[in-house]
Peer 1: 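I'd like to ask you about the structure that follows.
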Amino acid sequence: MTQSLRALVLGAAAGGGLPQWNCSCKNCNLARQPGSGVEPQTQSSLAVSADGEQWAILNTSPDIRQQMTAHEALHPKSVRHTPVLSVLLTNGDIDHIAGLLILREKQAFTVFLTASIMEVIEQNPIFNALDRNFVTFRQVGLEQPFELAPGLEAELFAVPGKVPLFMEGETVDTKLESDQTVGVRLTAAEKIAFYIPGCAAMTPLLKERLRGAELVFFDGTVFENEEMLSTKTGRKTGARMGHMAMGGDDGSIAAFKSLGVRRRIFVHINNTNPVWNPASMERVTVKAAGWEIGHDGMEVTL
Ligand code: MLT
Ligand code: MN
Ligand code: ZN
């Protein structure tokens, strides 16, 4: 079996998906109209493999059942089987962990996660539904490479972020750099890719890490920090939610400008983000800057 680094975008949208059940913003309305040009998208998840046979899933969204049905590579090969050997969590947000509950059917796999994300799981007894006789929770430290699936290595590193919304206290550090929010460096067949679906700010350290990378999947939650306010869909800024915007001087497009990253793909894109609409100015801006908009079913092989 020839080895490569294969990445399959299972879900390109942020929490809520596109359309979100209770939203009639412009994008959500268009996504409900077939042929509008705005395609429905499921919630944040990426599948990766080195051999195309054995897979790891990075973040398990509540849409995981639909996502696994949509991709033959993830179908069971016998009466009780899964090609998914492991799950890796990059934070404790609902859109990234709730899918674990769907995967509860006495099937063996390993969940790789940091100590802080494990705490979130442990504080929520509903996750006891995952029978520990089958599902192994393996805590991994930052900057410590481990085998995620055969031929596929992962290494986690802290990126600015915050604790999950449902764990927030009176005050919230929205640029906390800890094992609450991590990015992933993936290596297979001597190819390297990064997956960072949530990031509150670009830091000098993160820049150095990403410089010259062949492929980066990056947080594309909002185009503009005040987007939820201007679309009247919410009162929070992107920054308050722990996400840097695409546009603006502090945005991801500007931050990546001189990094020489060959393929830059936005994922975890909120339903309010105008880039979902191919006819938007923002889509033009993003594409002109050399970025790609992730979408459900997108495949990248290095
Ligand atoms: C986020 O990415 O900010 C969270 O998924 C928000 C949420 O939990 O709804
Ligand atoms: Mn999210
Ligand atoms: Zn919407």
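Just follow the structure's listing: the first ligand is 1, and inside any ligand the first atom is 1.
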Peer 1: Do Ile102 and Thr60 touch side chain to side chain, with heavy atoms closer than 4.5 Å?
Peer 2: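 The answer is no, as the side chains (C-beta and beyond) never meet within the 4.5 Å cut-off.
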Peer 1: Is any side-chain heavy atom of Met167 less than 4.5 Å from a side-chain heavy atom of Gln180?
Peer 2: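 No - every pair of side-chain heavy atoms lies 4.5 Å or more apart.
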Peer 1: Distance-only criterion, 3.5 Å: show the donor-acceptor pairs between side-chain atoms of residues 186-200 and protein atoms not counting sequence neighbours.
Peer 2:
unit_1, atom_1, unit_2, atom_2, d
Tyr195, OH, Asn59, ND2, 3.1

Peer 1: Here's a test for you: under side chain to side chain donor-acceptor pair (under 3.5 Å), which of Asp219, Asn225, Thr237 qualifies with His243?
Peer 2: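 Testing His243 for a side chain to side chain donor-acceptor pair (under 3.5 Å) against Asp219, Asn225, Thr237 leaves exactly one candidate, Asp219.
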Peer 1: Please confirm whether the backbone N or O of Asn270 pairs with a side-chain atom of Thr221, one donor and one acceptor, at under 3.5 Å?
Peer 2: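 Side chain of Thr221 to backbone of Asn270: no pair is present.
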Peer 1: Under the criterion side chain to side chain donor-acceptor pair (under 3.5 Å), I'd like the reasoning laid out for Thr82 against Gln107: C-alpha separation, chi angles, the key distance, then a yes or no.
Peer 2: CA-CA 8 Å; Thr82 179; Gln107 183 68 50; 6.0 Å; no
Peer 1: Listing by chain and number, which residues have a heavy atom under 4.0 Å from ligand 1?
Peer 2: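 Contacting ligand 1 under 4.0 Å are Asp93, Asp95, Met241, His243, His268.
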Peer 1: From Gln66 CD over to His71 NE2, what is the distance, rounded to the nearest 0.5 angstrom?
Peer 2: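 Between atom CD of Gln66 and atom NE2 of His71 there are 9.5 Å.
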Peer 1: Measure from the Mn ion (ligand 2) to every N/O/S atom of His268 and report the name of the nearest one.
Peer 2: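 This residue's closest N, O or S atom turns out to be NE2.
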Peer 1: Salt bridge check, Lys77 against Glu53: does any charged N sit closer than 4.0 Å to a carboxylate O?
Peer 2: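 So Glu53 does not pair with Lys77 through a salt bridge.
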Peer 1: At what distance, to the nearest 0.5 angstrom, does CG of Asn91 lie from CD1 of Ile117?
Peer 2: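 Asn91 atom CG to Ile117 atom CD1 measures 6.0 Å (nearest 0.5 Å).
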Peer 1: Number of protein N/O/S atoms less than 2.8 Å from the Zn ion (ligand 3)?
Peer 2: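 The number of such protein atoms is 4.
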Peer 1: Please lay out, stage by stage, how Ser44 and Asp95 fare under the test side chain to side chain donor-acceptor pair (under 3.5 Å).
Peer 2: CA-CA 7 Å; Ser44 182; Asp95 55 347; 5.1 Å; no
Peer 1: Identify, by name, the N, O or S atom of Asp95 lying closest to the Mn ion (ligand 2).
Peer 2: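 The closest N, O or S atom of Asp95 to the Mn ion (ligand 2) is OD2.
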Peer 1: Apply ring-ring contact (aromatic ring centres under 6.0 Å, His included) to Phe256 and list each qualifying residue two or more places apart in sequence or on a separate chain.
Peer 2: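 Result, ring-ring contact (aromatic ring centres under 6.0 Å, His included) vs Phe256: Phe218, Trp291.
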Peer 1: Any N/O/S atom from Asp93 (main chain or side chain) under 2.8 Å of the Mn ion (ligand 2)?
Peer 2: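 Short answer: no, not a single N, O or S atom is under the cut-off.
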